[in-house]
Undergrad: 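I have a structure here, written as structure tokens, and I will follow up with some questions on it.
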Amino acid sequence: MARDMCTKVRIEAFKALGKMQRVSEGVLLQSLSKKVIKTDTMSGPIINGQKLPPKLKIPCAAGIFSHGIEDEFYQVRTAACTSLGALAKFSSQYAEKALDLLMDMMNDDTEAVRLQTLQALFHMATYGYLSMQEKHMHMFLGLLVDANALIRNAAHKILGLVNMPKLQMFKSAVDGLITSLEKNPEEQDIYGILFSIGKNHGSFSANIAKHLAKEITMASVGELILDKPRIKALLIVSISAPFSDDKHKKLDIPSIIFSHAISLLEKVSSALGEEVNQDSVLSYLCHKGGMPFWGNRSISTEFGESESCKVETVEVGVKIENTAKAAKCLDRVLVMQSMESILQTVEGAWTVKMSSHIFEAQTILRTCKEELKVLAENTSGSIGAFSSFLCEYLHAVHLFVEIWQLIKLDNSYTFGLTSHDILLEKLNISIRRMKYCYAGLNRELEVQVLELSLLANLFGLSKIGACSKVVLGKMLWIISRLEGLCADGSRELSDFSREIKKAFDANPIGDTLIGNIHTLFELFHVKLTTDFGMLKEISAVLQVCDNSSENPLSYICGLPVGVSFNISLWNISSHHRLWFHMSIGESVQHAFLEFSSFEGNEEVKNGSMVVPLDATPMVHSFVLRVCLLMECSYGISTNQGGHGGPTDCVVQLSDELDVYFVSTGQR
């Protein structure tokens, strides 16, 4: 279809190619080459990170993208460029070859094509698929002085993300940005790009700093004009080195660099973002510049600061340098845009599942969840918590699709443990995690979780085949809570919730619910908001010092033994009830976790605790599996720890930890 006579078909074909979620490296490479590649030399499809043997001959894919970027209609060329960049995530070899085609597209006569090509390159650079090559530098340097401001701006952003393997490439990029700044002095955002480039290449920035220091030292009084864009730019690049990932190397930045950078205080602060205020930046520059005067006296009002503003130099130095860690996180705006795009894809997948394309919906949901995991690993604070929450939400949605598939395939009601039961249990665990492992759920998110819970209970009725008083009671409570959240008129009950309420009003024993499960399920819609407020993730980490399979703890068979744990808790308050869950095979023991000896605040608590294992097995060695559970209950329970275990349902709060033991007689 990418070679179809109809222009609209070709456009849609290339757009569809960019959305592929499962593809072989061989097909990708063949799509770039007009010459047919032998099948036996190509790798198979990449599925879940594993390569499979090739099964199809693919001459039809030969040169698809080569034809696409040469199409006479710019709309086709634009779509081809977009897909070229989107598919780079599947293969580094493909990404390298696709880059050659995309760089050729920068000579396209149509501005829209060039802009879309830069957008594709930016996407590749953002997720680490773009490897800058020396042969492409000339083209990039030309883009920095392009007549179109949008082209220049896009090229700036790409250079701020890519890694350059050679010092000469790095210097060429810096010189190109300086030239662009001299020709377009209004584009002050270039200083931020220079800081990013310097931070990404710490060793190269230190080299620039040493040469600049010599230039400053050798200059006569009045000869070196610090107001020149070139000197400003080189100073910005030079002081970015301490914030780089090369801090493990010895990067000796001359103190004269920091003292001269004081005049660029505003630009340095802007490049660092909101992590550190100007007071801290000023004190840090003065300290590194060998000016202790600034560390002992208040910051001059010449910089617009009050007399009471004092900063400890050492603390500021630590704070500034720690900013490098925060700088690793993805840009907030980019993350939010990615989230919105993912959520739109999920909504589309949910619509697809209502048709016969359930497997397609499952594939899309899995891919979206993996993308969210990447975002969660690269973000922190409320955004990180929301990314983690969305991963859990998508997991629940995926389970709903699987259960729906079972319901459609088999309408009979069976007894005993089935796939349906297992999936329902996984679903309930996922919903409990969303409900109890995130502090600060706003109204919108709580409504979404409650509706998921309502749907899960509805699926529970479909499995039972009859109305359960327990399940109906839960559903009535959820409906009541939803009505309470909508009572102020700021939002209305969804069609899904409203129909269930009508069913209860018409028949309190719920007989009509089972017969209308298919209809009710079709009313449920996935529509998440990106308004997450001050969301915080509740989590815990367990550690046992000096223990491994090669260094086990000692015990005497049949006697109790104490295990010392180091525990870190995040966003745990005094009303939470945590339990140790310890298992040896099928034998399980619980122990209540007391917070009295913990230090810290509600955001982070740290402490240690020796937990007794009541009886050890009569074996030479064993592995104790331990994790922390959180009891899911409303209000403060009167139960005291140490009497059996949790009385309410629980969620696992920490990863499971293996503790190794060997009897004293075996040492």
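Starting from 1, each residue takes its place in the sequence as its number. This one's a predicted model, so the numbers in the text were calculated from it and none came from an experiment.
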Undergrad: Please walk me through it: do Glu446 and Arg443 pass salt bridge (charged side-chain N to carboxylate O under 4.0 Å, His left out)?
TA: CA-CA 5 Å; Glu446 186 179 356; Arg443 182 183 305 184; over 6 Å; no

Undergrad: Does any N or O in the side chain of Ser453 come within less than 3.5 Å of the main-chain N or O of Val449, such that one atom is a donor and the other an acceptor?
TA: no

Undergrad: At what distance, to the nearest 0.5 angstrom, does CZ of Arg433 lie from CG of Leu653?
TA: 7.0 Å

Undergrad: To the closest 0.5 Å, what do you measure between CG (Asp71) and CZ (Phe65)?
TA: 13.0 Å

Undergrad: Any side-chain heavy atom of Ile64 sitting closer than 4.5 Å to one from Phe14?
TA: yes

Undergrad: Can you classify the ring geometry of Trp404 versus Phe521 as parallel (below 30°), tilted (30 to 60°) or perpendicular (above 60°)?
TA: tilted

Undergrad: Answer whether the closest heavy-atom distance between the side chains of Leu372 and Phe386 falls below 4.5 Å.
TA: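 Contact flag for Leu372/Phe386 side chains = no.
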
Undergrad: Go through the side-chain N and O atoms of Asp100 and His136 and say whether any donor and acceptor fall under 3.5 Å apart.
TA: yes

Undergrad: Can you tell me how far CG of Asp146 sits from CG of Asn184, rounded to the nearest 0.5 angstrom?
TA: 10.0 Å

Undergrad: Using a distance-only test with no angle check, is there a side-chain donor-acceptor pair under 3.5 angstrom linking Gln116 and Thr78?
TA: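 Looking only at side-chain atoms, Thr78 and Gln116 do not form any donor-acceptor pair under 3.5 Å.
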
Undergrad: To the closest 0.5 Å, what do you measure between OG1 (Thr82) and CD1 (Ile11)?
TA: 11.0 Å

Undergrad: Give a yes or no on whether a salt bridge exists between Arg77 and Glu70, defined as a side-chain N under 4.0 angstrom from a carboxylate O.
TA: no

Undergrad: Rounded at 0.5 Å granularity, tell me how far CG in Asn153 sits from CG in Asp189.
TA: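 So the gap between those two atoms works out to 5.5 Å.
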
Undergrad: Is it true that the side chains of Ser497 and Glu451 contain a donor and an acceptor less than 3.5 Å apart?
TA: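 There is such a pair between these side chains.
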
Undergrad: Just by distance, no angles: are the side chains of Tyr393 and Ser430 close enough, under 3.5 Å, to form a donor-acceptor pair?
TA: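 Short answer, no.
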
Undergrad: Report yes if some heavy atom in the side chain of Ile158 is under 4.5 Å from a heavy atom in the side chain of Phe140; otherwise report no.
TA: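 A side-chain contact exists here, since the closest heavy-atom pair is under 4.5 Å.
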
Undergrad: Should Glu111 and Arg114 count as an ion pair when the cut-off is N to O under 4.0 Å?
TA: no

Undergrad: Is a side-chain N or O of Ser382 found less than 3.5 angstrom from the main chain of Met534, in a donor-acceptor match?
TA: no

Undergrad: At what distance, to the nearest 0.5 angstrom, does CG of Leu115 lie from CE of Met106?
TA: 7.5 Å

Undergrad: Got a sec, which residues hit side-chain hydrogen bond (donor to acceptor under 3.5 Å, both in side chains) with Glu402, two or more places apart in sequence or on another chain?
TA: none

Undergrad: If every non-hydrogen atom of Leu177 is compared with every non-hydrogen atom of Leu144, which pair is closest and at what distance?
TA: N-CD1, 3.7 Å

Undergrad: Specify whether Phe459 and Phe400 have parallel, tilted or perpendicular ring planes, treating 30° as the upper limit for parallel and 60° as the lower limit for perpendicular.
TA: perpendicular

Undergrad: Between His123 (side chain) and Gln119 (backbone), is there a donor-acceptor pair under 3.5 Å?
TA: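 Side chain of His123 to backbone of Gln119, a donor-acceptor pair under 3.5 Å: no, none is there.
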
